[in-house]
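Below is one structure, written out as structure tokens; comments come after it.
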There are 2 protein chains.
Amino acid sequence: MAVSIYDIAKIAGVSAGTVSKILNNKGKYSQETIDNIKKIAEEQGYVVNQTAKSLRTAKTNTIGILVPNVSNDFFSTICMDVQDFFHEHGYTSYLCNTHDDLNLEKEYLHDLVQKKVDGVINVAGILSQQENMLGNIPVVSIDREPFDEQNPTLITNDYYKIVYDVSEHLIKQGCKKIILITLESFNVYRTSENGILTGFQDALKAHDLPYFEPTSIFRLPGQDKSYIESEILISELINNKLEFDGIVATGDRLALGALTALKRNNIDIPGKVKLAGMDNSLYSQLPTPSITSVARNTTQLAKIASECLLKLINKEALDDTKIIVEHNIIERDTTRKS
Amino acid sequence: MAVSIYDIAKIAGVSAGTVSKILNNKGKYSQETIDNIKKIAEEQGYVVNQTAKSLRTAKTNTIGILVPNVSNDFFSTICMDVQDFFHEHGYTSYLCNTHDDLNLEKEYLHDLVQKKVDGVINVAGILSQQENMLGNIPVVSIDREPFDEQNPTLITNDYYKIVYDVSEHLIKQGCKKIILITLESFNVYRTSENGILTGFQDALKAHDLPYFEPTSIFRLPGQDKSYIESEILISELINNKLEFDGIVATGDRLALGALTALKRNNIDIPGKVKLAGMDNSLYSQLPTPSITSVARNTTQLAKIASECLLKLINKEALDDTKIIVEHNIIERDTTRKS
DNA sequence: TTGAAAGCGATACCAC
DNA sequence: GTGGTATCGCTTTCAA
């Protein structure tokens, strides 16, 4: 058995309460006893038992992080940053991979409630309003629908503006017939489809370019690997002789699939067709030609979300319930002016 | 305040002990009371308080996962798999990013001890034998030096064989003068440098190829981004007219840097120089030409390590203290026969 | 089949 | 400055 404050108290000939307060730097004690207690604690290799402390104080100094899966670049960076932030503030972080599965998500939430986490960072929620499983545990969402009315805090990017900006970028590089590729699931998880579509349309409109419903926008099911679906789509478009000179993809994998199809058909990039993705991941950085993409500033997303959650944990009020993080277009080979 | 077993007991007119045992499916009770208790618990939205339970039972149902940083592909997949495995067995996982920093690592270990985790998966340890901070908490290491004598369990790949196999692969594809690029840190964290060097040398020897000390092996400091160091190195070798027709890199990033240098110097790949990396990450999959690499089977590493740790937690004995997971060479463009 | 009570390790209030 | 004691929510032994 590990040594407890009682053991220390016994050795020092004082009470447990004294030990507790001294080790927590509370109360007024003679320097002598303070030194003595600390020395004994050190010698005995004492470490607090957090389960006991938490039971008593109703504070665990833990948070939960919900992501679909950490193996994905975007989520893993956020996990790391959030975890780093909270470690600096004395918290340990539980990692939960929900795999976009509602049942799993519920199990994890249940776990976290049992474990009495002080707060939750949600980068995965599909549960949303259905049930309030978390009681009054504060939640901050990143890039996803907020959980419920009690926890509306959301840190995200402006999808409307991202798509608008990317589309406009292509237009400025000379594109006249642009198509948009996106995922159906985008809608489910982020309720941002609306912004995406209007962002695209508005950009075309602003530059007097035609928009053909339905042949300008393609929603992929996203059931298989998205880049494969995308590659197939673009291949078919080419076979069907659909004319286009620009592709906006709402994800780097989608963009990569498109790139593969274009290359396979020996279509000159960026000469004949220009292409842009989103997320600024390795999928856009590594291919040849490299793919223009949008950096969503995950560091900021994670930092701001963490700060917000910490405030909520400390019962501080937040100024805003929704915070938008800026994005940057990272220009690469696929949209160089031709 | 959340509802406790006492609240339920009061409502049902029974004792707390009864409620406890029924909710844990222990003891013998009349079906009537069982149903009643469960119904009330359900109605009241009861959830166990794990801090209390853990305090009493000295079991937290949590584990800690130590990695240098989850934002790295290799580690994030392992994290996910380990976490998934333990979730299925009723455990929640703490994520700790040590950033290869000894002090951070100590802080995390200290945290985990305080939080009374039942076990630890170590994919990060540089602490090794120095101090036994974890007491008798079981540890299983993946691809890293085991923590200490008490916890020797290690799941890893056979680096000697990996390098031997890759080198031999290049030889079979026609290479006659092969160089090896590796990182100095490889040695520190994995104590496998020896295996790497002899694997390389033995492969050359087995095929009667010359080995030139020191011009066949290059150790990079790995202080900057490793692919940049590697790119610089290869560029210099080319400038210095060092002749070679094959490169074995002990990491995909190193290989990518080499690839970049070769391409920049318009050297035909795989015609004039062949190249292979390690880890089978996006860094080898996405570039053009794609880079031959070695899949280290992270799924197996994670699975076996998790199973071992679970056994140790349950006080079961392990058959082996060191388990080697098979690797596979993934042949890609950079080593096609020319 | 059920209840009473002790105890896990810490905190905190109140008394001296 | 320091000690005594109740308490956090749960499990577990023993008795009834």
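Below, each value reflects all heavy atoms present in this structure, side chains not excepted, and no hydrogens, waters or symmetry copies. Numbered from 1 within each chain, the chains take letters A, B, ... in sequence-line order. Keep in mind that what you see is a predicted model, and the values were worked out from it rather than measured.
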remark   = Hits for side chain to side chain donor-acceptor pair (under 3.5 Å) against B:His99, two or more places apart or cross-chain, chain-then-number order -> A:Asp84
Any pair counted as side-chain hydrogen bond (donor to acceptor under 3.5 Å, both in side chains), so long as it reaches residues 312-322 of chain A, sequence neighbours left out = none
Donor + acceptor pair across side chains of A:Thr18, A:Ser15 (<3.5 Å) = yes
ask   = A:Lys21 near the nucleic acid: base, sugar-phosphate alone, or nothing, with a heavy-atom cut-off under 4.0 Å?
value = base
message = Any side-chain to backbone donor/acceptor pair from B:Thr33 onto B:Ser30? Under 3.5 Å, distance only.
response = yes
query = Is a donor on one side and an acceptor on the other found under 3.5 Å between the side chain of A:Asn36 and the backbone of A:Glu32?
reply = no
message = In the structure I gave you, are the side-chain heavy atoms of A:Pro68 and A:Asn97 within less than 4.5 Å of one another anywhere?
response = no
query = Hey, would you say the B:His87 and B:Tyr91 ring centroids sit under 6.0 Å apart?
reply = no
key: Polar side-chain atom of A:Thr60 near backbone of A:Lys116 as donor-acceptor pair, under 3.5 Å   = yes
message = Is it the case that atom NZ in B:Lys59 sees more than 12 heavy atoms from other parts of the structure closer than 6.0 Å?
response = yes
inquiry  = Below 4.0 Å from chain A heavy atoms, what is the first contacting nucleotide of DNA chain C and what is the last?
reply    = C:dG9 to C:dC13
key: Span of DNA chain D, from the first to the last nucleotide whose atoms fall under 4.0 Å of chain A heavy atoms   = D:dG1 to D:dG9
5' priority, DNA chain C, between A:Ser20 and B:Tyr29 [closest heavy atom] = B:Tyr29
inquiry  = For B:Gly13 and B:Tyr6, find the nucleotide of DNA chain C closest to each by heavy atoms; which residue's nucleotide sits nearer the 5' end?
reply    = B:Gly13
query = What does A:Ser30 touch in the nucleic acid at a heavy-atom separation under 4.0 angstrom: a base, only the sugar-phosphate, or nothing?
reply = sugar-phosphate
remark   = Bend of the helix from C:dT1-D:dA16 to C:dC16-D:dG1 from end-axis comparison, five pairs per end, nearest 10°, comes to 40°
key: Closest-nucleotide ordering on DNA chain D, the 5'-leading residue of B:Gly17 and A:Lys28   = A:Lys28
task = Please collect all side-chain hydrogen bond (donor to acceptor under 3.5 Å, both in side chains) contacts where either partner lies in residues 298-311 of chain B, sequence neighbours excluded, each pair once.
result = B:Lys303-B:Glu307
request  = List the steps, then state whether salt bridge (charged side-chain N to carboxylate O under 4.0 Å, His left out) holds for A:Arg296 with A:Asp73.
outcome  = CA-CA 12 Å; A:Arg296 292 167 57 194; A:Asp73 214 33; over 6 Å; no
ask   = Within the structure shown, what part of the strands sits under 4.0 Å from A:Lys53 by heavy-atom distance: base, sugar-phosphate, or nothing?
value = sugar-phosphate
inquiry  = Classify A:Thr33 by what it touches in the nucleic acid, base, sugar-phosphate, or nothing, heavy-atom distance under 4.0 Å.
reply    = sugar-phosphate
ask   = Pick the nucleotide of DNA chain D nearest each of A:Gly27 and B:Ala52; which residue has the one closer to the 5' end?
value = A:Gly27
